[in-house]
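All residue numbers refer to positions in the sequence shown, counting from 1.
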Amino acid sequence: MRGFYIGRYQPFHDGHRHMVEEIAAEVDELVLGIGSAGDSHTTRNPFTAGERVMMVTKAVEKLDVTTYVVPIEDLDRNSVWVSHVQSMAPRFDVAYSNNPLVVRLFEEAGVEVRQSPMFRRDVLEGTELRERMIHGRDWTDLVPDAVVDVIREVDGVERIRRIAETDSIGDEPSDE
């Protein structure tokens with residue numbers, strides 16, 4: 001059986017890793033969708049799809065399950081979103097999500113959806129991690145070591161700090 005789990009992974013953190021480990025115990029193969037693949041260089045989405053592919057691939061390489069990491073660009077039409085995902089990913093039998101909209105869309109498309117409890121959601125949340133990076137607080141203990149390595153390799157903390165300095169109006173680059 002092949003499972004599918006999508007996230008923005010901005011960045012991939014220990015909550016994601018915990019969910020992936022639980023899913024891996026139930027499936028033979030796992031497709032990890034990199035959501036919002038076209039978004040990067042904003043405070044909400046600082047990392048590129050390629051950087052997130054590196055993070056996820058390296059963070060899950062020791063799992064005893066065949067894993068495929070696939071970028072999925074946003075599609076702003078919820079009624080066809082599942083078919084878009086299915087066209088971008090290897091065929092899968094079951095989707096995993098705790099996002100109410102994602103659950104609803106997969107269920108409406110006839111895809112089995114499984115949920116699991118969130119893991120340490122009070123601190124294992126992308127917004128919290130990005131805020132810690134921006135404000136110079138510790139974040140490295142909340143992500144797999146492989147993710148720390150990728151973020152350091154791409155100078156991700158400096159990027160998000162620079163973006164945050166100039167991002168007071170919104171996420172779009174200014175013409176000024």
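Atom CG of Asp138 has more than 12 neighbouring heavy atoms from other residues, nucleotides or ligands inside a 6.0 Å radius.
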- Message: Between Val20 and Leu63, does the side chain to side chain contact (heavy atoms under 4.5 Å, CB included) criterion hold? Intermediate values first, please.
- Response: CA-CA 9 Å; Val20 167; Leu63 287 179; 3.3 Å; yes
- Task: Test side chain to side chain contact (heavy atoms under 4.5 Å, CB included) on Trp139 and Ile151 and set out the steps.
- Result: CA-CA 11 Å; Trp139 56 274; Ile151 291 172; 3.7 Å; yes
- Arg114 and Tyr96: side chain to side chain donor-acceptor pair (under 3.5 Å), yes or no, with the steps? CA-CA 5 Å; Arg114 296 181 187 170; Tyr96 291 81; 3.2 Å; yes
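Using a distance-only test at 3.5 Å, with no hydrogens or angles considered, no donor-acceptor pair links the side chain of Ser36 to the main chain of Asp39. Side-chain atoms of His13 come within 3.5 Å of backbone N or O of Gly15 as a donor-acceptor pair. Side chain of Arg130 to backbone of Ile160: no donor-acceptor contact under 3.5 angstrom is found. A distance-only check finds a donor-acceptor pair linking the side chain of Ser83 to the backbone of Val80 [under 3.5 Å]. Listed for the His84 side chain is no donor-acceptor partner under 3.5 Å among the backbone atoms of Arg77. Remark: the backbone N or O of Asn45 is not paired with any side-chain donor or acceptor of Arg8 at under 3.5 angstrom. Between the Arg161 side chain and the Met133 main chain, a donor and an acceptor come within less than 3.5 Å of each other. Judged by distance alone, the side chain of Asn99 and the main-chain N or O of Val102 form a donor-acceptor pair under 3.5 Å. Within the 3.5 Å criterion, the main-chain N or O of Phe47 finds a donor-acceptor partner in the side chain of Gln10.
Residues Thr140 and Arg152 form a side-chain contact, since some pair of their non-hydrogen atoms from C-beta on lies under 4.5 Å apart. Looking at Lys58 and Pro144, their side chains never come closer than 4.5 Å, going by heavy atoms from C-beta outward. In this structure, the side chains of Trp81 and Asp74 stay at 4.5 Å or more apart for every pair of heavy atoms. The side-chain heavy atoms of Val60 and Arg17, taken from C-beta on, include no pair separated by under 4.5 Å. With contacts defined as side-chain heavy-atom distances shorter than 4.5 Å, the pair Val154/Arg159 qualifies.
The nearest pair of heavy atoms linking Ser97 to Val103 is O-CG2, 3.5 Å. Ala109 and Val82 make their closest contact through CB-CG1, 3.6 Å (heavy atoms, listed as atom of the first residue, atom of the second, distance). For Ala37 against Ala49, the heavy-atom pair with the smallest separation is O-CB, 3.3 Å. The minimum heavy-atom distance between Asn98 and Met19, with the atom names listed, is ND2-CE, 3.9 Å. Heavy atoms only, all atoms of each residue included: Val143 and Pro11 are closest at CG1-CG, 4.3 Å. Nearest heavy atoms, Val147 versus Ala59: CG2-CB, 4.1 Å.
Between the CD atom of Glu158 and the CD1 atom of Ile163 there is a distance of 10.0 Å, given to the nearest 0.5 Å. Atom CZ of Arg162 sits about 11.5 Å away from atom NE2 of His41, to the nearest 0.5 Å. In this structure, CD in Glu51 is found 3.5 Å from OG1 in Thr48, a value given to the nearest 0.5 Å. Annotation: the span from Arg132 atom CZ to Asp141 atom CG amounts to 6.5 Å, rounded to 0.5 Å. Expressed to the nearest 0.5 Å, how far CZ of Arg104 lies from CG of Asn78 amounts to 11.5 Å. Atom-to-atom distance recorded for Arg52:CZ and Leu32:CG is 13.0 Å, nearest 0.5 angstrom.
No continuous path of ILVMFWY side-chain contacts below 4.5 Å connects Met55 to Ile72, so the two sit in separate hydrophobic clusters. Cluster annotation: Leu30 is not connected to Ile6 through the hydrophobic network of ILVMFWY side chains, with a link wherever side-chain heavy atoms come within less than 4.5 Å. At a threshold of 4.5 Å between side-chain heavy atoms, the hydrophobic network of Ile, Leu, Val, Met, Phe, Trp and Tyr places Val85 and Met1 in two separate groups. Val94 and Val65 fall within a single hydrophobic cluster, where Ile, Leu, Val, Met, Phe, Trp and Tyr side chains are chained together by heavy-atom contacts under 4.5 Å. Taking hydrophobic clusters as Ile, Leu, Val, Met, Phe, Trp and Tyr residues chained together by side-chain heavy-atom distances below 4.5 Å, Ile34 does not share a cluster with Phe106.
A centroid separation of less than 6.0 Å is found between the aromatic rings of Phe92 and Phe4.
A salt bridge links Arg91 with Asp93: the distance from a Lys NZ or Arg NE/NH1/NH2 to an Asp or Glu carboxylate oxygen falls below 4.0 Å.
Using the six-membered ring where Trp is involved, Tyr5 and Tyr9 have ring planes that are perpendicular, over 60° apart on the 30 and 60° scheme.
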